[in-house]
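First comes the structure, then the notes that go with it.
Since we're looking at a predicted model, the values are computed, not measured. We count ligands from 1, going down the list as the structure has it; atoms in each ligand are counted the same way.
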Amino acid sequence: MSTIFYSTFITGFEKVIEEALLLRLKKVIVQTVGDGFIVYRTDSSMDDIKRLKFLNNSFVFLKKMEGTSGKTINDLLLEVIKDKAMVRDIHTAFKGKRHTIRIRASVENQFVGVDKALQKKVEQVLIGQGNLTVDRSLADLELWVSMRKEGFTLFGVRFTKRANYEKTLAKGELYPELTYLLCLLSDPKKEDVFLDPFCGSGAIALQRASSFPCKQVLAGDVDASLVNALRKRIERSRNKITVGRWDARKLATFDTASVDAVVTDPPWGNYGTTDIDLDALYHDMLIEFSRVLKPYGTLVVLTAQYELFESKLADVEESLVLIAQYHTLVSGRKAGVFVVKRAP
Ligand SMILES: C[S@@+](CC[C@H](N)C(=O)[O-])C[C@H]1O[C@@H](n2cnc3c(N)ncnc32)[C@H](O)[C@@H]1O
């Protein structure tokens, strides 16, 4: 049986997400793709969707209501009470099992409070059929009413649970959905020798080793304390990653044309690294990446210094060719993701 879902994802990756969904889910028909969200019909189950590591949140789609910019969240919650078909769809999607549910409302991606009396009325409608009970703190399902900046509102029931990364990530560590997408953009293959030469916490390398088959994953950093911390983390996770301490501008332990993919997040010039001469660093790293990459090898770079990166890439255009570029946000900061191929 096919169901309509919607999922949210990191802004800027619309095309990548659409392609990835078409490849991984059964009989996908994409209905709408917008800034950071996609609505699609599929024969795949909620469990299949839960396994997709590149999505943020996933929902059973209930309704997209146009022209809601003048409305209040209370007006939109009243819609849930009025729209019998919407409530019926919720009960159909989650019939058979007992679930807890709560209501969440957002305006332009920020959660907002809701009128208590109205909240209670909506809850009464939701629990009408018996298998749903309300839990305002730790529900496994959430009815989301999301007013978007584009002037429409999405109604859906969230069935995924995103870990609270803010508490577990190391300083500057990229979150898993982003590291997964960066690895995906490198077109991962099982015979790959994979390198992150500015690995920091090692988040990209750990994602590559745990989510995609490969021959070898190598990660390193100039900072000895980060290298040691990553070695300890790898012992605990049992991922096969070779960790080195090096200067990414001179990867002396690497032979020429020995690496299939470099996926990396070089310094952006914040968090106390302002003493780095980024201009020289970006120039030197590109020369070195072009040396260690095999012909047709792939380079994926995430950086907020996208203008600097573009200008330095232009200096080596004979060996490194830009294939695709994405504009995204990382912790609220504008960043670019560049996919580059090593010329033969
Ligand atoms: C933006 S951070 C990488 C963060 C990483 N992606 C993560 O998720 O934790 C850049 C890293 O480059 C390292 N670095 C700076 N200059 C370097 C150099 N010349 N060679 C190697 N690593 C360097 C810094 O120590 C820092 O850990």
Side-chain angles (χ1 to χ4, degrees), residues 10 53-54 163 165-186 194-212 217-234 236-237 239 241-254 259 261-293 298-309 312 326 328-339:
I10 301 167
K53 294 184 180 179
F54 49 84
Y165 303 135
E166 286 67 30
K167 289 193 181 141
T168 52
L169 293 184
K171 189 179 169 200
E173 179 173 351
L174 298 176
Y175 39 97
E177 291 83 1
L178 183 53
T179 56
Y180 189 95
L181 281 171
L182 295 175
C183 292
L184 191 65
L185 287 171
S186 75
F194 178 96
L195 167 67
D196 178 0
F198 293 100
C199 74
S201 67
I204 296 174
L206 285 160
Q207 184 70 273
R208 180 64 179 84
S210 60
S211 300
F212 307 89
V217 174
L218 300 124
D221 201 284
V222 78
D223 183 327
S225 61
L226 291 174
V227 169
N228 289 337
L230 179 57
R231 287 199 172 117
K232 286 199 184 108
R233 194 169 167 182
I234 287 166
R236 288 197 301 273
S237 75
N239 278 301
I241 301 176
T242 311
V243 183
R245 183 176 177 213
W246 56 53
D247 183 335
R249 294 170 293 188
K250 252 189 187 307
L251 297 165
T253 50
F254 288 80
V259 173
V262 173
V263 177
T264 199
D265 164 29
W268 297 5
N270 52 358
Y271 302 126
T273 54
T274 36
D275 52 328
I276 296 179
D277 178 352
L278 287 182
D279 203 275
L281 176 70
Y282 277 42
H283 172 267
D284 295 348
M285 77 177 186
L286 284 174
I287 302 277
E288 192 60 348
F289 296 167
S290 118
R291 183 186 73 78
V292 300
L293 276 169
T298 309
L299 166 65
V300 178
V301 172
L302 166 74
T303 179
Q305 296 286 345
Y306 41 89
E307 284 172 359
L308 174 64
F309 182 84
K312 295 297 157 192
Y326 304 89
T328 190
L329 289 174
V330 178
S331 307
R333 190 164 171 192
K334 278 189 189 172
V337 174
F338 298 85
V339 183

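Shown are Arg245, Arg249, Lys250; of these, the salt bridge (Lys or Arg N to Asp or Glu O under 4.0 Å) with Asp247 is made only by Arg249.
Of the N or O atoms in Trp268, none lie within a sub-3.5 Å distance of an N or O in ligand 1. At a 3.5 angstrom cut-off on N or O pairs, Ala248 counts as close to ligand 1. Not one N or O of Ile276 is nearer than 3.5 Å to an N or O of ligand 1, by distance alone.
Taking every heavy atom of Leu174 and a limit of under 4.0 angstrom, the matching atoms of ligand 1 come to 6 (N), 7 (C), 8 (O). The distance from ligand 1 to the heavy atoms of Trp246 drops below 4.0 Å at these ligand atoms: 20 (N), 21 (C). Those atoms of ligand 1 with a heavy atom of Gly172 less than 4.0 angstrom away are 4 (C), 7 (C), 8 (O), 9 (O). For ligand 1, the atoms lying closer than 4.0 Å to a non-hydrogen atom of Pro197 are 21 (C), 22 (N). Atoms of ligand 1 lying under 4.0 Å from any heavy atom of Ala203, numbered from 1 in the order shown and given with element: 8 (O). Taking every heavy atom of Gly200 and a limit of under 4.0 angstrom, the matching atoms of ligand 1 come to 9 (O), 27 (O). In the vicinity of Asp247, heavy-atom distances shorter than 4.0 Å reach the ligand 1 atoms 18 (C), 19 (N), 20 (N). Near Pro267, the atoms of ligand 1 lying under 4.0 angstrom from a non-hydrogen atom of the residue are 10 (C), 12 (O), 15 (C), 16 (N).
Counting all heavy atoms, side chain and backbone alike, Gln207 lies closest to Thr179 at NE2-OG1, 3.0 Å. The two atoms that bring Asp196 and Asp265 nearest to each other are OD1-N, 4.4 Å, heavy atoms only.
Between Tyr282 and Phe309, the two ring planes are perpendicular [angle over 60°; tilted spans 30° to 60°]. Ring-plane geometry between Trp246 and Phe254 is classed as perpendicular, the angle between the planes exceeding 60 degrees on a 0 to 90 degree scale with a lower cut at 30.
Using a 4.5 Å heavy-atom cutoff, the side chains of Leu195 and Phe289 are not in contact. The shortest side-chain heavy-atom distance between Leu302 and Leu174 falls under the 4.5 Å cut-off. Contact of the Leu281 side chain with the Phe198 side chain is registered, since non-hydrogen atoms from C-beta on lie closer than 4.5 Å.
At a heavy-atom distance under 4.0 Å, only side-chain atoms of Leu226, from C-beta outward, approach ligand 1. Residue contacts with ligand 1 for Ala170 are absent, since no atom lies close enough (heavy atoms, distance under 4.0 Å).
Formation of a donor-acceptor pair under 3.5 Å by the Asp221 side chain with backbone atoms of Gly200 is found in this model. Judged by distance alone, the side chain of Glu288 and the main-chain N or O of Leu251 form a donor-acceptor pair under 3.5 Å.
Ligand 1 lies less than 4.0 angstrom from a heavy atom belonging to Cys199.
Residue Asp265 holds the heavy atom nearest to atom 2 (S) of ligand 1 of all those in Asp265, Leu302, Asp284. Relative to atom 24 (C) of ligand 1, the option among Asp221, Leu206, Thr179 with the closest non-hydrogen atom is Asp221.
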